[in-house]
Amino acid sequence: MSAGPLPRRFYDRNVVTVARDLLGQRLVRVTPDGRTVGRIVEVEAYLPRDDPANHAYGGKTRRNASMFGPPGHAYVYAIHSRWCLNAVTEPAGVASAVLIRAVEPLAGVELMRERRSARAACHDGTVPERSAQGGCHGRAGRESLRDLARGPARLCEAFAIDRALDGWDLTRGEALWIDDAGDGAPPPREIAVSRRIGVTSAHDLPLRFYLADSPFVSRP
DNA sequence: CTACCGATTGACT
DNA sequence: GTCAATCGGTAGA
């Protein structure tokens, strides 16, 4: 059951609080191709101050501008030719965000599979046979349910999220938003905490949160 | 314009 | 655990 898009006031709170509360909520994406839904099982918090791993640490730039805007908007950035989705938190001007790292596919699974396998077509339209050694990791067979959205960039591929959605208002309930799962939020004892993955600074901070017994997290 | 870096992923030891 | 592919963002000449 869904109680509708999470409201602005949900995001307008401490980033760590929002991160924990996002676990169990439903990420929804609607395009002309159809609708995909996933249960959020893994997130990371990026603090507005004293956090060198935060893209906004060095100040506002063109890339991180969304993080300096009002809460409840998307911050989508590129890394290694892939996209990652954040939800902006705390009041406008306070640059903090929650990285959505993994979701459990709930609806639109075949659409997710199509989008994931489409990477075989490569960015320039090269046919899969020719791109096999060209750096485009084509996926020929059916990808397992567990792998479809396990990881921030995999998730964005399965949900057709890219730069066009940077700055998108997640509270409107159109195209891309996060539904309040109502009773879907797990009790705190099911939430595990760890260091953030992949960051090269501030790697000791316990800012990664995930559902301890979910097989859909990027790693335990 | 060039040079460098990385909140990733997939393959491999 | 290690390693590199690959390209947008960023800083600097």
What is the nucleic acid contact for [X], judged by heavy atoms within less than 4.0 Å: base, sugar-phosphate only, or nothing?
X	answer
A/Ala53	base
A/Arg219	sugar-phosphate
A/Arg63	sugar-phosphate

Separation of [N] [atom2] from [X] [atom1] (nearest whole Å):
X	N	atom1	atom2	answer
A/Ile79	B/dC4	CD1	P	18 Å
A/His80	C/dC3	NE2	P	15 Å
A/Leu148	B/dT9	CG	P	13 Å
A/Arg82	C/dG9	CZ	P	16 Å
A/Leu155	B/dT9	CG	P	9 Å
A/Arg195	B/dA7	CZ	C1'	16 Å
A/Ile197	B/dT9	CD1	C1'	12 Å
A/Asp166	C/dG8	CG	P	15 Å

Does A/Tyr77 lie flat on the base of B/dA7, that is, centres under 5.5 Å apart and planes under 30° off? no

Just compare [options] and give me whichever is closest to any side-chain atom of [X].
X	options	result
A/Cys84	C/dG1, B/dT8, C/dG8	B/dT8
A/Thr61	C/dT10, B/dT8, B/dA7	C/dT10
A/Ala153	C/dA5, B/dT9, B/dA7	B/dT9

Picking from A/Asn86, A/Ile79, A/Val43, A/Leu99, what satisfies side-chain contact (heavy atoms from CB on, under 4.5 Å) with A/Pro152?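 One option only clears the test, and that one is A/Leu99.
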
Can you tell which of A/Leu176, A/Leu85, A/Leu170 makes a side-chain contact (heavy atoms from CB on, under 4.5 Å) with A/Leu165? A/Leu176

Taking 4.0 Å as the cut-off, does a side-chain nitrogen or oxygen of [X] come that near to OP1 or OP2 on [N]?
X	N	value
A/Thr200	B/dA7	yes
A/Arg163	C/dG9	yes
A/Arg62	C/dG8	no

pair_partner(B/dT2), Watson-Crick or wobble, both distances < 3.5 Å, evaluates to C/dA11

Do A/Asp33 and A/Glu114 have side chains that approach each other closer than 4.5 Å (heavy atoms only, starting at C-beta)? no

I'd like to know if A/Glu143 pairs up with A/Arg113 as an ion pair, taking the criterion as any Lys NZ or Arg NE/NH1/NH2 lying under 4.0 Å from an Asp or Glu carboxylate oxygen.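 Salt bridge absent between A/Glu143 and A/Arg113.
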
Dump the intermediate steps for salt bridge (Lys or Arg N to Asp or Glu O under 4.0 Å) on A/Glu110 and A/Arg142, then the final yes or no. CA-CA 9 Å; A/Glu110 281 312 306; A/Arg142 285 171 58 87; 3.5 Å; yes

